[in-house]
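Letters A, B, ... are given to chains in the order of the sequence lines, protein chains preceding strands, and every chain is numbered from 1.
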2 protein chains.
Amino acid sequence: MARAAKTSASDVPEKTTRIQEINRRLILDAALDAFSTYGFRGTTIDQIAEKAGMSKPNLLYYFPRKQNIYVTLLEETLAEWLAPLADIDPDGDPIEQLRKYITLKINMSESHPEASRLFANEVLHGAPAISDFLSAHLKPLVDEKAAVIRRWVGEGKLAPVDPYHLIFMIWATTQHYADFDVQVRAIMGGQVGRPGFREQTAQAVLSIILNGIKPRG
Amino acid sequence: MARAAKTSASDVPEKTTRIQEINRRLILDAALDAFSTYGFRGTTIDQIAEKAGMSKPNLLYYFPRKQNIYVTLLEETLAEWLAPLADIDPDGDPIEQLRKYITLKINMSESHPEASRLFANEVLHGAPAISDFLSAHLKPLVDEKAAVIRRWVGEGKLAPVDPYHLIFMIWATTQHYADFDVQVRAIMGGQVGRPGFREQTAQAVLSIILNGIKPRG
DNA sequence: CAAAAACTTGACTACTTGGTCAAAATGCAG
DNA sequence: CTGCATTTTGACCAAGTAGTCAAGTTTTTG
């Protein structure tokens, strides 16, 4: 039953039964689909319940409030979403580390576009549900990695570049392919689905950004 | 100004009175604010009416459907939004043209963030109201400019780069500052509002992208 | 200035939707 | 198998919201 943190909803009660585990998963999967497509307001509980294959009251038995599902999803998603940034190795080769990071992000954008859209939608609307998280977790992590990049610049391993704007650029560019998928498809047509498209994208993005930050003679 | 496409709702009847002009403007301004913040579903007609300083039935006298306001707004916004792309001069200096384009987009992102968010939200949710427009107007324009960029590459004036991905990167990066404003603020704090922030942003973005696509010896 | 046209609104309807509740069905420990 | 705990749901309610309507007010026009 809902452990009712005041803002959060990620409640892992003392005991979690087998049925609970299964149904929570069903609900969250269905909800991710719906929320990422229609947004919070645009999604109805009935919709989620139907997709999850259960009645609305039953769904509400697991998540007493619509908001609970939403917040749980966001929290569950965010950790995974940020992991690649945390994995940047301060002692690695700068260009190699950033290449790895960008590649990972592009792959995630293709394999979990719903997660990207869920997050984009939330931030676009002012991040009402996760602004605390942004200050508490995202900022420190970004500050830490920005410091690493700044050091790399200082050591002459990268061209002089503002680390924050570099990180924003990487986020913006990679997530664009998930968040603006419809637009990308409208413009590039059938190419998008084709095998190799992701590689082509990665190649283009890496080429511009990495060349843009390579130390210049 | 929207010239009454058939699917569209922007109906400019033969005669437009002074009062009509004023009130339509009031409504559209109020609606842009609301829609860009809360999305289509999250915005109520009452909200818009209140912001516009009139009763709901009165608002509905000018726009019989909520959807009409929304579509009119999108159409009105899109032309303006795309203008800078159309202005890229095929005969100009490539780097100079792209510098101008990027700078313009960053300025727009700061001066009209609501427009950017309105559009982002629409596309994020699958562009139900404007997918026709994307195919009919956006694609041809992008194709045209992509051809120009491809020619520049062929002439050795730019490093080999996929023109479509370059355009996407410019869009993604510049609009990021409007669409993800909350996140940018959560990370960069007070700097964001400060005078000179836009210049700093422009400088960082231009530096990476332009260096990334300069022809390499 | 009088009539017509344009504009404005209070009150209302029909419908959607988040959430409740009490009772039934099912699962499970002893 | 029995009885308690967990799970499930049909029926319902209250709030919110898009859109209507008929009756009033203001503006325009001849």
Rounded interatomic separation in angstrom, taking [atom1] from [X] and [atom2] from [N]:
X: Y70(B); N: dT17(D); atom1: OH; atom2: C1'; value: 18 Å
X: Q47(B); N: dG19(D); atom1: CD; atom2: P; value: 15 Å
X: I22(B); N: dT27(D); atom1: CD1; atom2: C1'; value: 12 Å
X: L26(A); N: dT8(D); atom1: CG; atom2: C1'; value: 14 Å
X: D46(B); N: dA15(D); atom1: CG; atom2: P; value: 17 Å
X: Y38(A); N: dG18(C); atom1: OH; atom2: C1'; value: 19 Å
X: K66(A); N: dT16(C); atom1: NZ; atom2: P; value: 16 Å

Sequence neighbours left out, what passes side-chain hydrogen bond (donor to acceptor under 3.5 Å, both in side chains) with E114(B)? Give chain and number order.
none

Partner set under salt bridge (charged side-chain N to carboxylate O under 4.0 Å, His left out) for D87(B), not counting sequence neighbours:
none

dT17(C) OP1/OP2 closer than 4.0 Å to side-chain N/O of R41(B)
yes

Hey, does the side chain of R65(A) come within less than 4.0 Å of dG19(C)'s phosphate (OP1/OP2), counting only N and O?
yes

Using a 3.5 Å distance criterion without hydrogens, assess whether the side chain of Q175(B) forms a donor-acceptor pair with backbone atoms of S116(B).
no

Scan for ring pair (Phe, Tyr, Trp, His ring centres under 6.0 Å) pairs involving residues 22-41 of chain B, sequence neighbours excluded, and state none if there are none.
F35(B)-F40(B), F35(B)-Y70(B), F40(B)-Y70(B)

Just distance, no hydrogens or angles: give the donor-acceptor pairs under 3.5 Å from side chains in residues 135-145 of chain A, sequence neighbours left out.
from    : atom 1 : to      : atom 2 : distance (Å)
S135(A) : OG     : S131(A) : O      : 3.1
K139(A) : NZ     : D143(A) : OD2    : 2.9
K139(A) : NZ     : I187(B) : O      : 3.3
D143(A) : OD1    : Y164(A) : OH     : 2.5
K145(A) : NZ     : A86(A)  : O      : 3.1
K145(A) : NZ     : I88(A)  : O      : 2.8

Distance-only donor-acceptor pairs under 3.5 Å for side chains of residues 200-207 of chain B, two or more places apart:
from    : atom 1 : to      : atom 2 : distance (Å)
Q200(B) : NE2    : D162(A) : OD2    : 3.1
T201(B) : OG1    : F197(B) : O      : 2.9

At under 4.0 Å between heavy atoms, what does L60(B) touch on the DNA or RNA strands: base, sugar-phosphate, or nothing?
base

Within the sub-3.5 Å range, which N or O atoms of nucleotides 6-10 of chain C have a protein N or O partner, and how far apart are they?
from   : atom 1 : to     : atom 2 : distance (Å)
dC7(C) : OP1    : T17(B) : OG1    : 2.5
dC7(C) : OP2    : Q20(B) : NE2    : 2.8
dC7(C) : OP2    : Y61(B) : OH     : 3.0
dT8(C) : OP2    : N23(B) : ND2    : 3.0
dT8(C) : OP2    : N58(B) : OD1    : 3.1
dT8(C) : OP2    : N58(B) : ND2    : 3.2
dT8(C) : OP2    : Y62(B) : OH     : 2.6
dT8(C) : O5'    : N58(B) : ND2    : 3.2
dT9(C) : OP2    : S55(B) : N      : 3.3
dT9(C) : OP2    : S55(B) : OG     : 3.2
dT9(C) : OP2    : N58(B) : ND2    : 3.4

